[in-house]
Visitor: 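Structure provided below as structure tokens; questions to follow.
What you see is a predicted model; the values in this text were computed from it and never measured. For reference, positions follow the sequence shown, starting with 1.
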Amino acid sequence: MRIRIVDAFSDRPFAGNPAGVLLLDAFPEDDWLRNVAMEVNHAETAFAHPLPEGGEADWALRWFTPVTEVTMCGHATLATAHVLHSTGAHEGPVRFDTLSGVLVATPGEDGSITLDFPTAPLTRVEAPEGVAEALGAEPLTAFDTGPNIGDLLLELADEKTVLGLTPDLKALGAHSSRGIIATARAEDPERGYDFVSRCFFPNVGIDEDPVTGSAHTALAPYWSERLGRTGLTGLQASRRSGRVRTEVRGDRTLLRGRAVTVIEGELIA
């Protein structure tokens with residue numbers, strides 16, 4: 001079967017967030033899926049298979065990190081939609097049946113893909129004791145992002161603070177089920193982004209995720225409320241980096257980006 005590595009939330013190779021993508025006839029045993037994801041060793045590997053016509057979804061989709069299955073993943077969904085469209089396996093909007101419900105990916109005339117995801121429910125909480133020491137910076141606010149994401153969203157003083165983080169990942173993992181989203185307002189919006197973020201997910205085997213679509217379902221409503229606009233652009237400032245265009249529509253958040261296939265090969269195991 002064919003296996004592809006796709007750089008998502010990027011319009012060029014070797015940037016954005018890489019994901020493995022496999023299109024299957026059906027889902028094999030979970031152990032096989034986990035082993036393939038471990039072998040690929042990217043933040044997520046996506047597995048998809050077509051569903052019968054006439055249902056509420058077109059393809060079934062699951063996501064695995066190198067150590068566990070996850071409930072929601074934006075960049076691997078974008079990567080899967082890119083593979084479906086670029087190979088001719090599916091035309092037009094594609095509806096994915098996932099652990100987070102039906103998620104829709106719509107191709108644009110400009111080559112971008114728009115994901116329709118549930119908006120994360122944000123609940124303000126007290127910053128847990130020890131999280132500032134583990135992160136290496138004092139949070140201004142802390143929010144729980146709900147069960148689909150399972151992160152702790154922390155606003156920091158400024159963009160420079162976010163860029164300079166060198167957290168204690170082992171200690172950081174004690175403060176949420178998946179990890180930490182650190183964010184701040186953009187220092188200069190003229191650079192083309194409204195807020196900056198970094199995402200650390202040691203509990204699912206990802207020290208720092210390059211570009212996290214699911215995190216932007218929490219970042220988008222958070223910053224939309226503060227900046228007074230529904231449409232924003234976020235910069236995830238990892239080493240690979242990437243930008244996510246967001247639009248909040250009530251209980252749904254649209255995430256838009258591009259993707260590039262960088263490796264295509266044959267899986268023989």
Side-chain angles (χ1 to χ4, degrees), residues 7-10 15-19 37-38 40-45 63-76 120 122-186 193 195-223 234-244 246 255:
D7 288 346
F9 292 114
S10 176
N17 200 351
M38 181 174 61
V40 172
N41 201 34
H42 283 313
E44 264 87 17
T45 298
W63 314 279
F64 286 79
T65 77
V67 300
T68 189
E69 185 172 11
V70 295
T71 305
M72 179 186 290
C73 180
H75 86 277
L122 299 178
T123 304
R124 184 155 188 168
V125 297
E126 293 294 326
E129 184 177 352
V131 73
E133 291 76 11
L135 188 61
E138 191 70 38
L140 302 179
T141 58
F143 284 81
D144 179 84
T145 59
N148 280 345
I149 302 178
D151 295 332
L152 185 66
L153 173 64
L154 302 175
E155 183 184 352
L156 304 185
D158 50 36
E159 180 176 332
K160 182 179 179 180
T161 302
V162 173
L163 299 183
L165 292 174
T166 56
D168 179 340
L169 293 167
K170 184 177 180 180
L172 207 60
H175 299 295
S176 67
S177 60
R178 183 173 75 164
I180 300 294
I181 306 169
T183 187
R185 186 178 303 208
Y193 56 92
F195 59 88
V196 65
S197 67
R198 290 175 67 189
C199 294
F200 307 99
F201 304 140
N203 291 341
V204 292
I206 305 167
D207 288 347
E208 180 170 5
D209 199 32
V211 189
T212 314
S214 59
H216 282 77
T217 66
L219 288 162
Y222 182 83
W223 286 111
L235 171 70
Q236 192 156 330
S238 65
R239 183 176 62 83
R240 292 176 63 100
S241 190
R243 300 190 184 196
V244 183
T246 68
L255 311 172

Visitor: Are Trp223 and Thr183 linked by a side-chain donor-acceptor pair shorter than 3.5 Å?
Guide: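 Yes, Thr183 and Trp223 have a side-chain donor paired with an acceptor closer than 3.5 Å.
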Visitor: Is there a side-chain contact (heavy atoms from CB on, under 4.5 Å) between Thr217 and Ile149 once you walk through the steps?
Guide: CA-CA 9 Å; Thr217 66; Ile149 302 178; 3.0 Å; yes
Visitor: Is there a side-chain contact between Phe9 and Asn17, using heavy atoms and a 4.5 Å cut-off?
Guide: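 Side chain of Phe9 against side chain of Asn17, heavy atoms only: no contact under 4.5 Å found.
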Visitor: To the nearest 0.5 Å, tell me how far Asp209 CG sits from Cys73 SG.
Guide: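 Atom-to-atom, Asp209:CG and Cys73:SG are 7.5 Å apart.
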Visitor: Are side-chain heavy atoms of Pro167 and Ile180 found at a separation under 4.5 Å?
Guide: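 No, every pair of side-chain atoms sits at 4.5 Å or beyond.
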Visitor: Return yes if some donor-acceptor pair links the side-chain N/O of Thr65 with the main-chain N/O of Val204 below 3.5 Å, else return no.
Guide: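 Yes, the answer is positive, given that a donor and an acceptor are paired below the 3.5 Å cut-off.
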Visitor: Identify the heavy atoms of Val196 and Ala237 that sit nearest to each other, and give their distance.
Guide: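 Closest approach of Val196 to Ala237, heavy atoms only: CG2-CB, 3.7 Å.
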Visitor: Checking Arg240 against Ser10: is there a side-chain donor and acceptor pair closer than 3.5 Å?
Guide: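 Result is no, nothing qualifies.
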Visitor: So how far is it from Phe200 CZ to Leu154 CG, rounded to the nearest 0.5 Å?
Guide: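 Separation between the atoms: 10.5 Å.
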Visitor: Show your working on side-chain contact (heavy atoms from CB on, under 4.5 Å) between Gln236 and Val244 and close with a plain yes or no.
Guide: CA-CA 8 Å; Gln236 192 156 330; Val244 183; 5.7 Å; no
Visitor: Tell me the closest heavy-atom pair linking Ala184 and Val162, and the distance in Å.
Guide: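 In this case the closest contact between Ala184 and Val162 is CB-CG2, 3.7 Å.
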Visitor: To the closest 0.5 Å, what do you measure between NE2 (His75) and CG (Leu255)?
Guide: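 Interatomic distance, His75 NE2 to Leu255 CG, rounded to 0.5 Å: 13.0 Å.
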Visitor: Between CZ of Arg239 and CZ of Arg198, what distance do you get to the nearest 0.5 Å?
Guide: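 If we round to the nearest 0.5 Å, Arg239:CZ and Arg198:CZ are 12.0 Å apart.
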Visitor: Is the shortest heavy-atom distance from the side chain of Arg185 to the side chain of Phe195 under 4.5 Å?
Guide: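 Sidechains of Phe195 and Arg185: no contact.
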Visitor: How close do Asp7 and Ala15 get, counting heavy atoms only, and between which atoms?
Guide: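 Scanning both residues completely, I find the closest heavy atoms to be CB-O, 3.3 Å.
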Visitor: Could you give the distance from OG (Ser214) to CZ (Phe201), rounded to the nearest 0.5 Å?
Guide: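 Taking OG in Ser214 and CZ in Phe201, the distance rounds to 5.5 Å.
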Visitor: Looking only at heavy atoms, which two atoms of Trp63 and Met72 are closest? And how far apart?
Guide: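 Trp63 and Met72 have their closest heavy atoms at CZ3-CA, 3.4 Å.
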Visitor: Before giving the answer on side-chain hydrogen bond (donor to acceptor under 3.5 Å, both in side chains), spell out for Thr145 and Arg178 the whole-Å C-alpha distance, their side-chain angles and the decisive distance to 0.1 Å.
Guide: CA-CA 10 Å; Thr145 59; Arg178 183 173 75 164; over 6 Å; no
Visitor: Nearest heavy-atom pair of Ala120 and Pro221: which atoms, and what distance?
Guide: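 Minimum heavy-atom separation between Ala120 and Pro221: O-CG, 4.3 Å.
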Visitor: Under 4.5 Å between any side-chain heavy atoms of Leu140 and Glu155, yes or no?
Guide: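 Counting from C-beta outward, Leu140 and Glu155 do come under 4.5 Å.
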Visitor: Checking side-chain contact (heavy atoms from CB on, under 4.5 Å) for the pair Ser177/Asn203: CA distance, chi angles, key distance, verdict?
Guide: CA-CA 7 Å; Ser177 60; Asn203 291 341; 5.7 Å; no
Visitor: Nearest 0.5 Å, please: how far is CD in Glu159 from OG1 in Thr161?
Guide: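 The OG1 atom of Thr161 sits 10.0 Å away from the CD atom of Glu159.
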Visitor: Can you list the steps and then say if Leu165 with Leu156 is a side-chain contact (heavy atoms from CB on, under 4.5 Å)?
Guide: CA-CA 10 Å; Leu165 292 174; Leu156 304 185; 3.8 Å; yes
Visitor: Of all the heavy-atom pairs spanning Leu153 and Ala218, show the shortest one and how long it is.
Guide: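 Minimum heavy-atom contact is CD2-O, 4.3 Å.
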